[in-house]
Amino acid sequence: MEFYDVHTHQIFIEDSDDPYHSCIFDVYPLEFEVAKESYSRHAFSCGIHPWYSEESDNQMAYLSEIASNPRIIAIGETGLDRLKGPSFDLQIPVFKKHIELSEKLSKPVIIHCVKAWEELIRVRREVKPTQPWIIHGYRSKPELTEQLVKEGFLFSIGDNINVDSMQMIPLDSLFCETDEGEMPIRQVYLQTSRALNMNIEEFAERVAGNVRRIFPTLQPPKPYYPDEEEAED
Ligand SMILES: [Zn+2]
């Protein structure tokens, strides 16, 4: 099995260099230079979190400069949050700047969305993006899931899962992540595969296929075989 963690902030945890998974580390524009030297095997998403969209002009300008770097394989996390951060008047323009970059550079977007689904769908319909939009940490209810699937979103699932929504998400629209959680990526895969009534090998193979399609430059990890003793390098 190959495990991919498409959204994690756990960049300073030693275990991130576990050879059995490949990560997309979420970094702030100003963190990228240092991070890219430290984690040569992994890749990055880079953006400004909606909580901090106020007075983000300098970070945004710097992001525009570095975003073409091939190690940055996604733009974000960016998005909309009704519960935290400045008003949507400030969040939406910053979100749209990320989308412009994504379209210009042909890189997918990693989306953070909290209680702002209407606004998110409105922006998507307005800009009609060509790039994949992946909603990270997805755990919303089935009715909304059905709508988001129709609108063309992709989904990344973390430790907190809405089992009832899982069956509605097409298998070619799914990814897994650890975000800031404690649950290791293998456990996230196991939990998600169980919610789908699939065995983990089969599920991991589908997710790996999605990663190869959406993030073709992300290096595969060392394949993991649960029965085999982990040999030393
Ligand atoms: Zn995150």
Study note, to complete from the structure: Y189 meets the ring-ring contact (aromatic ring centres under 6.0 Å, His included) criterion, sequence neighbours left out, with F3, F203
Review point. Y4: what forms a ring-ring contact (aromatic ring centres under 6.0 Å, His included) with it, not counting sequence neighbours?
Key: none
Distance-only donor-acceptor pairs under 3.5 Å for side chains of residues 89-98, two or more places apart:
residue, atom, partner, partner atom, Å
Q91, OE1, D81, N, 2.8
Q91, NE2, D81, O, 3.0
Q91, NE2, P86, O, 2.7
K96, NZ, E126, OE2, 2.8
H98, ND1, T78, OG1, 3.2
H98, ND1, V94, O, 2.8
H98, NE2, I48, N, 2.9

Qualifying residues under salt bridge (Lys or Arg N to Asp or Glu O under 4.0 Å), relative to [X], sequence neighbours excluded:
{"X": "R125", "value": "E151"}
{"X": "R82", "value": "E119"}
{"X": "E54", "value": "none"}
{"X": "E201", "value": "none"}

Review point. How far apart are the C-alpha atoms of S22 and R41, what are their side-chain angles, what is the distance that settles it, and do they pass the side-chain hydrogen bond (donor to acceptor under 3.5 Å, both in side chains) test?
Key: CA-CA 8 Å; S22 290; R41 199 172 59 80; 3.3 Å; yes
Review point. So, do R194 and N199 sit near enough that their side-chain heavy atoms are less than 4.5 Å apart?
Key: no
Study note, to complete from the structure: For V114, the other hydrophobic cluster members (4.5 Å side-chain criterion, sorted by chain and number) are L83
Study note, to complete from the structure: Sequence neighbours excluded, the answer for side chain to side chain contact (heavy atoms under 4.5 Å, CB included) partners of E180 is H9
Practice item. Sequence neighbours left out, what passes side chain to side chain contact (heavy atoms under 4.5 Å, CB included) with E103? Give chain and number order. Key: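 Result, side chain to side chain contact (heavy atoms under 4.5 Å, CB included) vs E103: I99, P129, T130, Q131.
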Got a list of side-chain donor-acceptor pairs under 3.5 Å for residues 166-177, not counting sequence neighbours?
residue, atom, partner, partner atom, Å
Q167, NE2, A195, O, 3.3
E177, OE1, H136, ND1, 3.3
E177, OE1, G137, N, 3.1
E177, OE1, S156, OG, 2.7
E177, OE2, H136, ND1, 2.9
E177, OE2, G137, N, 3.1

Practice item. Would you check, one step at a time, whether the test side-chain contact (heavy atoms from CB on, under 4.5 Å) holds for L120 with I111? Key: CA-CA 9 Å; L120 180 67; I111 292 175; 4.1 Å; yes
**Study point:** Whether F44 and F25 hold their rings parallel, tilted or perpendicular, with breakpoints at 30° and 60°
**Key:** tilted
Practice item. Can you run down the side chain to side chain donor-acceptor pair (under 3.5 Å) pairs that involve residues 60-70, sequence neighbours left out, and say none if there aren't any? Key: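 Not a single pair qualifies under side chain to side chain donor-acceptor pair (under 3.5 Å).
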Practice item. Determine, for F32 and R71, whether the Lys NZ or Arg CZ falls below 6.0 Å from the six-membered ring centre while staying within 45 degrees of the axis. Key: no
